[in-house]
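Quick note on labels: first sequence line is chain A, next is B, and so on, each numbered from 1.
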Amino acid sequence: MATANVVTPQSEDFPKWYQDVVAKAEMADNGPVRGTMVIRPYGYAIWERMVAEVDRRIKRAGAQNAYFPLFIPQSYLAKEAEHVEGFSPELAVVTVAGGEELAEPIVVRPTSETVIGEYMAKWIQSHRDLPLLLNQWANVVRWEMRPRLFLRSSEFLWQEGHTAHASAEDASAYARRIHTEVYNDFLTNVVAVPTFLGIKPPSERFAGATNTMTCEGMMKDGKALQMATSHELGQNFAKAFDIVFQSDAGESAHCYTTSWGSSTRMVGGLIMAHGDDRGLVVPPRLAPTQVIVMAVRDGDDAVDAACASIVEGLLASDVRVSLDRGRGSFGRRVTDIELKGYPLRVEVGPRDLAEGVVNLVRRDTGEKTLVPVADVVTTATALLETIQADLLAAATQRRDSQTVEVATVEEAIAAAQTGFARLAWDLVTPEIEKQLKGEALTVRCLQRADGSMPDHEKEAGLTCIIAKSY
RNA sequence: CGGGAAGUGGCGCAGCUUGGUAGCGCACCUGGUUUGGGACCAGGGGGCCGCGGGUUCGAAUCCCGCCUUCCCGACCA
């Protein structure tokens, strides 16, 4: 039977749909101060899974975690001209503390290049100290004009990596390694969001960087979302903070530094890349709960026993499983489960159980399969991998079908209304970029013809991706 | 920060034009019947009407300021 919409349909109002999902899947609430965000347990559980997966990959790439302070002397920001200019408009500054006006205002970190640069300078003496590979998990503050839960909040959670190297080549190679082996691998293989890897045009570069790389994902409304970013900082910060080392030849030289980050914005990307009109859809490898087991009828001893044993069997196979404790009718509980996007639901009912089977229901397709109780674990674990692959395939298919090659700026503007436009980069002058801005469009990234990442925006034969973005 | 819309129990709304201190649906609590796709009956609880000021005998309602939210721009992970 047709039921009333639980959330606003995507086709009716995509932003409203997004807010409905965030609220009804109990992911986050607005904080009391404009732009701040309360991350609720379910939203935080998803973030914790992201942290675990990203952190593992960062460590595999050789970086170590550390922690630097939330408060940064304002003078630090000023040391790198482009950096301070880029961040000034969004800084939160402390001018009074301990009941007294401060002699030097303190900035709440918008990012930590400056403090970390100061300490890198202190810790690095010799080429033997290089590369220095650091990462921190932290909150940062960037005052936002137009906040949106997860996508753009004034305070958000992220990891920021900061490294120092002896040569430009080494720095560049490491930033690229992080970009592909950490970010792209995580986004593709765990979040199941295919990305376009590329470099940002100079106009979109991080303040103080010589090169900025991005992972651009496509949301279901055809808009782009930068899901992670990596920067080559050249010697800009090394010069500003005197990060110098002595080479094996005994000469001193400035380091080359990099920085790279991924944030709670990825949660927003997850929602908009896979969610549907029933709510959230979480890929199995990311899901805090991969399988939810529910009794179709309460108070039936045989059903309860079967549920318990299925949960136990899945746990023993390292499946992240929960037993549904929802209240109310069957339909209500199913609706709530679907809102949360658990990849697989096991419905245990007395009638099926009498036949020795239970019902496995995929969240992504809604497909139901009756499975003998004895086969639940093997079927479920296989299905989880299928769902993971299918979500990536569907997202890739959607992205590719909504990405069109165009030959002119006019065609690009038209195509970018519903997706991505690929245009020859040499057609895009600064004037054209302005024109695109007037159409609410930006150049999301530059790629080589084969889709790989260029070394530099001046390479011949590059294409660019033009789209609306979050 | 510019342009638009809006803030009334947890959520969604009506009431405001034509001032007389609040109502509906869902949710919640109790009891009962239910339970294979948002159950039903009965009985309950809950609102400084965003905040502050002003006009008035009297303000959810009229006026001013601020805060917050949403949409569209400029800015951004």
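- With both ends at atom P, the span from B:rC63 to B:rG23 equals 25 Å, rounded to whole Å.
- For B:rA77, there is no paired nucleotide, since no Watson-Crick or G-U wobble pair has both relevant distances below 3.5 Å.
- Nucleotide B:rG20 forms a Watson-Crick or G-U wobble pair with B:rC57, both donor-acceptor distances falling under 3.5 Å.
- Look at A:R205 and A:E232 and you find no salt bridge, because none of the NZ, NE, NH1 or NH2 atoms lies under 4.0 Å from a carboxylate O.
- Across the protein-nucleic acid pair, A:E155 atom CD and B:rA77 atom P stand 17 Å apart, rounded to whole Å.
- For the C1' atoms, the distance from B:rA74 to B:rG3 is 12 Å, rounded to whole Å.
- Ring orientation note: the planes of A:W17 and A:F14 are tilted relative to one another, at an angle of 30° to 60°.
- The side chain of A:Q19 sits closest to B:rC70 out of B:rC76, B:rG37, B:rC70.
- Here the C1' atom of nucleotide B:rC75 and the OH atom of A:Y470 are 17 Å apart, to the nearest Å.
- Across all strands shown, B:rA42 pairs with B:rU30; the Watson-Crick or G-U wobble distances both stay below 3.5 Å.
- Residue ring and base: A:W158 does not count as stacked with B:rA77 (centre distance below 5.5 Å and interplanar angle below 30° not both satisfied).
- Using a 4.0 Å cut-off between charged side-chain N and carboxylate O, A:D390 and A:R362 make a salt bridge.
- Closest to the side chain of A:T335, out of B:rC75, B:rU69, B:rG37, is B:rG37.
- Within the shown strands, nothing qualifies as a pairing partner of B:rG9 under the Watson-Crick or G-U definition with both distances less than 3.5 Å.
- Separating the C1' atom of B:rG10 from that of B:rG47 is a span of 12 Å, rounded to the nearest Å.
- Here the separation of B:rA59 from B:rU55, taken at their C1' atoms, is 10 Å to the nearest Å.
- Nearest-nucleotide positions on RNA chain B place A:K437 closer to the 5' end than the other of A:F206 and A:K437.
- Taking 4.0 angstrom as the limit, A:R297 places a side-chain polar atom (N or O) nearer than this to OP1 or OP2 of B:rU35.
- Whole-Å rounding puts the A:F14 CZ to B:rC71 P distance at 12 Å.
- Salt bridge present: A:R49 and A:E53 bring a charged side-chain N and a carboxylate O closer than 4.0 Å.
- Base pairing annotation: B:rG2 forms a Watson-Crick or G-U wobble pair with B:rC72, both donor-acceptor distances under 3.5 Å.
- Judged purely by atom type and a 3.5 angstrom limit, A:E144 has no side-chain atom pairing as donor or acceptor with the backbone of A:P147.
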